[in-house]
Amino acid sequence: MSGVRRFKPLVWVWFLFCLLSLTNGFDPIDNYLIDCGSNTNTPADNRVFRADNSGSQMLSTDENIIANTTANSISAITGVRLYQTARIFKGMSSYKFRIQNKGRHWIRLYFYPFVYQEYDMSLASFSVSAQRIVILSNFQPKKGSVVKEFSLNVYSDELILEFAPSENSFAFVNALEVVSIPAELIPDEAQTFSPTGQYQGLSQQVLETAYRVNMGGLLVSPSNDTLGRTWLSDQDFLVNKNLVKSVSNIPAVTYVTGGPTREIAPDSVYGTASEMNSGGDPNSNFNVTWEFDMDTGFPYLVRLHFCDIVSKALNQLYFNVFVNASIVSQDLDLSIKNNRLGTPYFVDFVTKSSVSNKLRISVGRSTVKDADPNAILNGLEIMKMNSSLTGLGPAIPATAPKMKVGLIVGLVLAGVFSIAMLALVLLFLMRTRKVSGHDQNSKIWMPFSMIGGNSHSTGSKLSNRPLESTASNQGYRFPFAVMQDATNSFDEGWVIGVGGFGKVYKGTLKDGTKVAVKRGNSKSQQGLAEFLTEIEMLSQFRHRHLVALIGYCDERNEMILVYEYMENGTLKNHLYGSELPSLSWKQRLDICIGSARGLHYLHTGNAKAIIHRDVKSANILLDENFMSKVADFGLSKAGPELDQTHVSTAVKGSFGYLDPEYFRRQQLTEKSDVYSFGVVLFEVLCARPVIDPSLPREQVNLAEWATKWQTSGQLDQIIDPNLAGKIRADSLRKFGETAEKCLAEYGVDRPTMGDVLWNLEYVLQLQDAMVSHDPDEDSINRIGELSPLVHNVNLMDSNTSITDQHQRFANSIDGLDDVSESSMSQVFSQIVKSEGRQQPDMPGQ
């Protein structure tokens, strides 16, 4: 510490230097600071937040509700004036910001719930989205001040920030920021570990700041950071405070050309450190460790900041760095990075999707010969990575966990249904005893439970949770030991896919049956909901174009689903991103037709429609014959009642495929699946990702880009080069019209999945040149007017309405699980001939 004391006479020089450096810091081109609900500008952290008055052109809201409170009620909060006012939104509302500097931007949202008239903001529940990306889902800021910080790339001329209240609730916000970020702050690459490698595409990720920590120093406020960031002290995160000592030597920090700048981290971060407290003992051998609470199921970007402010000469300090149990940097010598001391250095690591709700960062002594037992860390940033729309939940450091509403509801329902469930169990057992000739030892599997409360395994995820399935013979509960045996103890080499729910392994049962085993994250509440939904949905439905659920395992708190194995993987992998051979146009049409049949069955095959909610090419699987099957029903939801037009629900889905009307209104219908399927159709035709930030701005979004070319009649200019010259003009035209109609802005203007199926079959027949072109045939749903029977290719009774005929025929298609593809083609080859398009003569005409 003597090296620190000798710099104390220079403290005023350093202070003036810091003021000068902040003055000359990064000047953002886009710099929107808004004090929501305020009529006057508000100074905070050496910045000025603009008044958000009723005349603001950037605000769009149906009701102008401004809330305010007194300073005394929130006097303990830093930046108290920002929290004295708020905007309250009872319906979908938005802020629109003009963007001059394309690229990554901060979005900071300030929340402090207080009571204003009839609005208790601690009861608010809402979602927030930016550029159609849901950054907060069903957010409930219960108490205290909260600042949520996100960063994302903005490629358009404007950024729209939308607030969507949950059902029967409202939204609010006290203040917000939309600010440009230096391009070099988030590079494109980061290191990975276990296994060691490189992560590409980091610059395009949506990031949520979970923690930003100043090791060995005090809190750094936004006024002392050139980018307006807050850095917390590390004291609350240290596992053993006795093993560390704090060091401060800010004047020793030297920024060099080509190295980190003050925008990466300020002097007050690089100039302080937490140092291994070995006490001069050369035999000291321990790690200094920090522990953080995390949300499971997400990968994280971990940025470690280093600056050797403790050594007196080069090559004195060697140490190891760990993330969880993995060593990510061995024998690190900071002095060789720039061949001098006191120069900042940082390194980025991307973790796997977390299965633990804890993350540990450690530094400890190296094994280099004659090296002193010492290690340091100056700063740390942890950012959640998530580009999907399934919900970036709040990650608030050092706060108590929130009680899940679903848990409360589940407990209430468990009490309500307990008597009824007991009766069902007794009835089930009585019926089981009456079954004659049944060999109880013929199977080692337990029957698929109707209620989940009769599990014979320990740690059942389904215990006391009612399942609404009525299919008791369509799947089985597997013992965990069987799952281990089938997957070679979940061998990582057998992994065939990774998703938000968990990893998917190829497996083989004892009888030689190949299966796909999806092993979920056992600690994820969201995963549990998807697990139950998947079982409920797939146990009710069987269709040749829906992936079959064979069974499940909920033993040992596991969430494992067992499906039929699909030899050829996902449609997405056959379109781009792999070395697989290109699909022919006919193959692609057959795949689209099969997928449409599966979705149409979901929408119409039950008394209440089932809406998939996550239709995308990655959820369309192909068997050994390239027959398509729709998969992944974890987000599926029952459709509206007969007297309703929609289901009100939180927005979920995948970025790029999401129905904009569903996103805006949070009202789900079958037409939401139709929109997503329209995106898939263009994806099949163009063989490129639905969102590709590496392309020019106008090409980033496939749906928008392809629709423009389709509207101009030049869709052939952007198709997959492998299909060039191989698609008949009539077939391409009808295909493009079908996709375009699916992508209509409003659901009422989109076709049903039955209409889409009809049109795709017609596209296939046009490609096979069995239909002569009708130049007047411009209506996308014209083929939907045909009315043949499947088993008797004659026109229906003339007294039957066209709608009823169409529906009857569509339903008959879905029932033909035993009809071959060739026979179906024969049927369609007859019904789409030109003479078959005439309407029957009506009686009396």
Side-chain angles (χ1 to χ4, degrees), residues 187 189-200 202 210-211 213 215-216 234 237-245 247 260 265 270 273-278 281-294 296 298-308 310-311 314-338 343-385 491-493 495 503:
E189 293 185 352
Q191 298 182 36
T192 61
F193 54 91
S194 186
T196 302
Q198 287 289 115
Y199 180 92
Q200 300 284 343
L202 183 62
Y211 299 93
V213 186
M215 270 60 184
D234 69 330
F237 308 108
L238 282 164
V239 175
N240 192 331
K241 297 180 181 179
N242 295 327
L243 300 179
V244 66
K245 60 182 179 181
V247 180
Y270 281 124
S274 286
E275 182 181 10
M276 181 177 170
N277 187 16
S278 59
D281 182 0
N283 297 316
S284 296
N285 189 10
F286 58 85
N287 291 338
V288 177
T289 300
W290 297 263
E291 185 176 82
F292 303 90
D293 294 327
M294 311 299 289
T296 57
F298 298 93
Y300 284 85
L301 169 63
V302 176
R303 174 168 290 182
L304 302 165
H305 296 273
F306 300 99
C307 186
D308 188 353
V310 300
S311 298
L314 298 176
N315 310 120
Q316 282 188 342
L317 178 63
Y318 297 87
F319 59 97
N320 296 332
V321 184
F322 303 84
V323 176
N324 288 330
S326 299
I327 183 166
V328 297
S329 187
Q330 189 168 11
D331 304 328
L332 178 61
D333 179 8
L334 297 174
S335 64
I336 66 172
K337 300 301 178 182
N338 289 293
T343 57
Y345 167 73
F346 74 92
V347 60
D348 290 336
F349 294 97
V350 170
T351 72
K352 295 179 179 178
S353 292
S354 57
V355 296
S356 171
N357 61 355
K358 299 290 184 182
L359 177 69
R360 287 195 166 202
I361 307 295
S362 305
V363 293
R365 71 169 297 172
S366 165
T367 56
V368 171
K369 186 178 181 181
D370 299 328
D372 293 332
N374 201 8
I376 66 168
L377 183 61
N378 302 74
L380 172 69
E381 295 176 87
I382 303 174
M383 288 165 270
K384 183 192 296 183
M385 299 167 55
D491 189 337
E492 289 297 306
V495 173
K503 295 180 179 178

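Side-chain contact between Met385 and Leu202: present, with at least one pair of heavy atoms (C-beta onward) separated by less than 4.5 Å. When side chains are defined from C-beta on, Asp293 does not count as touching Asn357, because their heavy atoms never get closer than 4.5 Å. Side-chain atoms of Glu291 and Ile361, non-hydrogen and from C-beta on, never get closer than 4.5 Å to each other.
Nearest heavy atoms, Met276 versus Val288: CA-CG2, 3.9 Å. Minimum interatomic distance between Leu377 and His305 (heavy atoms only, all atoms of both residues): CD1-O, 3.5 Å. Taking every heavy atom of both residues into account, Asn320 and Ser366 meet most closely at ND2-CA, 4.0 Å. Residues Ser284 and Pro373 share a closest heavy-atom pair of O-CB, 3.5 Å. Heavy atoms only, all atoms of each residue included: Ile376 and Cys307 are closest at CD1-O, 3.4 Å. The heavy-atom pair separating Asp234 from Gly216 by the smallest distance is OD1-N, 3.4 Å.
Counted by atom type alone, Asp308 and Ser311 present one or more donor-acceptor pairs between their side chains at under 3.5 Å. A donor atom on one side chain and an acceptor atom on the other are found under 3.5 Å apart for Thr289 and Ser362. Under the 3.5 Å distance criterion, with hydrogens and angles disregarded, a donor-acceptor pair is assigned to the side chains of Ser335 and Asp333. A donor atom on one side chain and an acceptor atom on the other are not found under 3.5 Å apart for Gln191 and Gln198.
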Steps toward side chain to side chain contact (heavy atoms under 4.5 Å, CB included) verdict (Lys337, Val347): CA-CA 12 Å; Lys337 300 301 178 182; Val347 60; over 6 Å; no
Begin with the C-alpha distance, continue with both residues' side-chain angles, and end with the deciding distance and a verdict on side chain to side chain contact (heavy atoms under 4.5 Å, CB included) for Phe322 and Val363. CA-CA 6 Å; Phe322 303 84; Val363 293; over 6 Å; no
Given Leu301 and Asp348, is the side chain to side chain contact (heavy atoms under 4.5 Å, CB included) satisfied, shown in steps? CA-CA 7 Å; Leu301 169 63; Asp348 290 336; 3.8 Å; yes
For side chain to side chain contact (heavy atoms under 4.5 Å, CB included), just list the numbers for Asn374 and Leu317, CA-CA rounded to whole Å, side-chain angles, deciding distance to a tenth of an Å, and then say yes or no. CA-CA 7 Å; Asn374 201 8; Leu317 178 63; 3.8 Å; yes
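In this structure, Arg365 CZ and Asn285 CG are separated by 5.5 Å, a value rounded to the nearest 0.5 Å. Within the model, atoms CZ of Phe237 and CG of Leu359 stand 11.5 Å from one another, a figure rounded to the nearest 0.5 Å. Interatomic distance, Leu332 CG to Tyr345 OH, rounded to the nearest 0.5 Å: 6.0 Å. Rounded to the nearest 0.5 Å, atoms CG (Leu243) and OG (Ser278) are 10.5 Å apart. One finds the CE atom of Met215 at 13.0 Å from the OH atom of Tyr270 (value rounded to the nearest 0.5 Å). Annotation: the span from Lys503 atom NZ to Ser353 atom OG amounts to 9.0 Å, rounded to 0.5 Å.
Residues Phe319 and Phe306 place their aromatic rings such that the two centres sit under 6.0 Å apart.
Just one of Phe292, Trp290, Tyr300 meets the ring pair (Phe, Tyr, Trp, His ring centres under 6.0 Å) condition when paired with Tyr211; it is Phe292.
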